[in-house]
Number of protein chains: 2
Amino acid sequence: MKKIEPKTLSGFMELNPEDQILFDEMLNIIKNTYKSYGYWSIDTPIIEYSEVLLAKAGGETEKQIYRFNKGDNDLSLRFDLTVPLAKYVALKYNELLFPFKRYQIGKVFRGERPQKGRFREFYQCDIDVIGDNELSLKYDAEIIYIIYDIFNKLDIGKFNIKISNRKIITGFLKSLNIENNNIDVLRIVDKISKIGTDKTKKMLYEIINDKTKVDKIINLINIKGNINEVISKLNNLNINEDIYQTGVLELSEVINDLKQMKLEEKCYSIDLSITRGLDYYTSTVYETILIDYPEIGSICSGGRYDDLATFYTDKKLPGVGASIGLTRLFNQLKEAKIINNTECRNADVMILPMGITDYSLVYVTSNLLRSNGYSVSIPYNKEKFKNKIKYASRMNAKYSIFIGEDEVKEGMVTIKNMETRNQVKLSLEEILDYMSKENN
Amino acid sequence: MKKIEPKTLSGFMELNPEDQILFDEMLNIIKNTYKSYGYWSIDTPIIEYSEVLLAKAGGETEKQIYRFNKGDNDLSLRFDLTVPLAKYVALKYNELLFPFKRYQIGKVFRGERPQKGRFREFYQCDIDVIGDNELSLKYDAEIIYIIYDIFNKLDIGKFNIKISNRKIITGFLKSLNIENNNIDVLRIVDKISKIGTDKTKKMLYEIINDKTKVDKIINLINIKGNINEVISKLNNLNINEDIYQTGVLELSEVINDLKQMKLEEKCYSIDLSITRGLDYYTSTVYETILIDYPEIGSICSGGRYDDLATFYTDKKLPGVGASIGLTRLFNQLKEAKIINNTECRNADVMILPMGITDYSLVYVTSNLLRSNGYSVSIPYNKEKFKNKIKYASRMNAKYSIFIGEDEVKEGMVTIKNMETRNQVKLSLEEILDYMSKENN
C-alpha cells in the first residue's frame, strides 16, 4: 500500500511526551494560580463568525487570520482570546456577575510568515477583570500580583515586572503640544530597550522635528531609580496637564497597593518606556522580563483598557488583564536551557510483575496506591527483566515495586526507591506509611 | 457607532461560568484518572495537512470536515484524536517507548447538519495504548478498568460496561458461510438495543435471506446471564471456527483479569450485540451505558484494533483504547438533570473589606490562605454591604471573612461559615487551624 508521509505543519508545536509533561506542569501552575484568586474559567469556540472576530481588526490581523467558508457561513479561527471575551461578555451581559473575573487558556491561530520562535498555533493564558461602567484600580494591582505569584511558582529565574501608566506619557506629549503624534511616539518609545537611546532619539526626531522636545521625552522615559524616587521625580516635573497628573496618581495608587500586598521590591519597577505601543491599553500597562535573559523580551504583559466590547454593545465595560503566550515562552525557555525535562516523571510508581500468572496482588497494590493519590504504571509486555528495568527508568518513576512468586506467596511486595536505591520488603499495610514518611 | 451582533455559531458549546466549573470538574476527573495509570499526555495541532488527516477517511468524514486553503497549503481541522495519534506515533516512532500509553483531551470538529444534542466542535477525551508489533491483552482489561474508575468518580449514576469481542460474531458468521456480509451484519446487530429484536431480524433477513441463519444470529447476540454463564454458553455452542474460538478465549482472558482487578460485577456484562459497527476495531469492543438513562446511549466506547497507523508506516502497531465525548455527554447529563451547577464553587473564601483604606490585613490574610491551598476572592468594587453579600452568595464561597476598622485595629478577622452560619473572630494564627478542623 502507498504510504502517506506523516508530517506536522511548520509553526505548529507538537512536543515529545517528556516535554509535554513540562509544558503541562507550567500550564497547570498558571491555571491553578488564576483559579486561586477566584477567577471564573470560560471556554469559547475556536471557530467564530468572521464578522464577529473581525469587528475591530484590520491590517496584519486580517492578513494572518485563518478564514474560510463552510456552507453559507464565513468563518474564522480565533486569533486571540480578547475578542472572544468581548463577544462573551456582550452576549451574556445579563447573566454575568460584575466585576466579571475570568481566565481562559486555549489555542489561538495566526498564519504568520514562518520564522524562528514564531508559532501559527499557540496557547494564550489570559486573565482579565471586566467592570460594569466602573472598575476599582485595586484590580490593576491584583493582576500584577498574580503575575508575580505565577513567575515565582514557575521558578524560571529572576524577573522584573515593569509598570507604567500610558496617561503619563500621553499627558506629557500634550504638554509639549505634540499629542497628534501620540500613537507614533508610543510605538517608538516602546522599543527603546531593544533599539537603544540614540536610535530612539533619531526616530523621534523624524516625526517631531524638534530637538528640545525629543530630549524632554527621552529624559522622561529614562527616569530611573527606586519606586519612591521615580514617583517623586514625576511629581517634581510640575507638568500642568490633567491627564499627566491622573496618570501619576493612578500609578501611585497601584504602587501603594503592591506595597501593601508585600510584592517584593526586587520583582517590579516603574519603567516609563513601557507603552504597549499598538495595543488598546489606556492607563496602567506592564511587561515582565527575565532579568538574566532580557533578549527573550516580555514574557507576560497587559494593562487596563477603557472599554472592552465597544464593537458589540453600548455598555461601558472597562477592564484590566494580562496574557502569557505559553507556547512561545516554553520554546524560548527550552532553547535557553532554563527548563529541561530530565526531572519529568510519568508515574510515581512502576509495578513490575515478575513471571507470575495470578495478578491479584499486582492489582490490589496498584488500586491501593492510586486511591491514595499515587500514579502507578504497570508494564504488561512480556519483556525480559532487563528491558522492564529500562522501561521503568525511562518512565522515571520514584519507586519500583517488584512482585514475583515469593511476594505472591508471602503477600508482601518488594519496593525500591529509585533515587536512594534502598530496597525493602513490606506488607500492604506498611507500604503507605513507608512512602508517606519517605516523602516528608 | 454601528454595533455588530455578538453571536456564537450554532453547534458550538459556550457555557455560562457556573456550568463551566461543572464541565471543568468532569474534565479534570477524566484527565487525572488517565494520568494516575501512568499514561503520557500528548497534544497535537488542531490544523493538519488535509492529505494526512484524510489518509484513511472517506464518505461522511470528507463531507463533514472543515477544510480550506491557506497560502499553498490544503489544510483541515482534526475530526477525531485517533488519526492525529496515528500520525504522531508514525512520525515519532523512534523517540517513543512502547507500549506507548497516551491520553489526549482536546477539541475536534465535524461540520454535521445541526440537530439537537449534536455539536460541531466538541471535546474528546481519548486514552490508548499502542504496542510495537504486539500488545498484551491485559491492556484491554486495564482500559476497561479505567472506564470503571472514571464513571465511579464522576458519580453520575449506575452504569454498565458492555463488553464483547468482534471475533466471536465474525467467526460465527463464517461458520454459517455468510462472512461476505460481515460488515453489514455487524452494523445491523449493533443497533438491536435501539431498534429491537423484530426489526433487527427483518433487516438481517433482507441481506441474508435465510430464516434459520438469522435466528441463529439473533440467538447468539441475545445470549444473556452472568459472566460465567455467558462464557460457558459460548463454549457450548461448539462452533468449530478458529476465529470464533480465539474470540471466546480472548474475551475469557479479559474477563479473568477484570475479576482479579475486583471490578464490581454489577458494573459490567458481556453483550454480544456490541460490535461498534463501522469502526476499525478487530477484537475486544465495549460500550458504557447509564442504567437509569439507556436513551442517552453509549457514554464511553472503544476497543482493540490490529493496526493503528497502516496509512503512514509499515510498522505493525496494534492498540486498544477508549473515548469519552465529553461535550455531548455533559449536555445530555444537564438536560436529564443528572448534574446541576448549584453546588459549584468559584472560590473557597470571599474576603469582604468593610470601609477600610489600609488593605494590609486583607492582603496578609488572602496570601496566607492561598499559600495554604484555599482559593480566595476579594471584591474591590465600592458597593454597599448588601450588594457585597449578594456577590459573595453568587460566588458560593464556603467562608466569608469580614475585615473592617475593628478587625484592622485588633489584628483579627471575622470569619463566617456560609453553610452553618457560624461566625467567629480569630487571629491569623488561629484561622488555618479553624478551617482545617471544619473541613475534616
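None of the values given here were measured: they were computed from a predicted structure. Hydrogens, waters and symmetry mates are skipped; everything else that's a heavy atom, side chains included, is used. Note on naming: letters A, B, ... go to the chains in the order of the sequence lines (proteins, then strands), and numbering restarts at 1 for each one.
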Under a 3.5 Å cutoff, is there a donor and acceptor pairing between the side chains of [X] and [Y]?
X      : Y      : answer
A:S136 : B:N381 : no
B:N346 : A:Y39  : no
B:N367 : A:K262 : no
A:D257 : B:Y380 : no
B:S377 : A:K101 : yes

Quick check on the interface: out of A:R345, A:R120, A:E142, who has the most heavy-atom pairs with chain B under 4.5 Å?
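Ranked by contacts with chain B, first place is A:E142.
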Among A:T33, A:D348, A:L96, A:V362, which has the most heavy-atom pairs under 4.5 Å with chain B?
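That would be A:L96.
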Over 60° means perpendicular and under 30° means parallel, so tell me whether A:F68 and B:F68 are parallel, tilted or perpendicular.
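Ring orientation, 0 to 90° scale: parallel.
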Answer whether the closest heavy-atom distance between the side chains of B:Y363 and A:M261 falls below 4.5 Å.
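With C-beta onward as the side chain, the pair touches.
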Would you say the side chain of A:K7 lies within less than 4.5 Å of the side chain of B:E51, judging by non-hydrogen atoms?
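They are in contact (side-chain heavy atoms under 4.5 Å apart), so the answer is yes.
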Between A:D43 and B:K107 (salt bridge meaning N to carboxylate O under 4.0 Å), is one present in this structure?
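So A:D43 pairs with B:K107 through a salt bridge.
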Pair B:K87 + A:E14, salt bridge at N-O below 4.0 Å
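A salt bridge is present here (some side-chain N lies under 4.0 Å from a carboxylate O).
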First locate atom OG of A:S41, then atom CZ of B:F23, and finally report the distance between them rounded to the nearest 0.5 Å.
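Separation between the atoms: 9.5 Å.
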Where on A:D19 is there a heavy atom nearer than 4.5 Å to chain B: the side chain, the backbone, both, or neither?
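Contact with chain B is absent: no heavy atom of A:D19 under 4.5 Å.
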With chain A, which of B:N256, B:L91, B:V52, B:L97 has the greatest number of heavy-atom pairs at distances under 4.5 Å?
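Highest number of pairs under 4.5 Å: B:L97.
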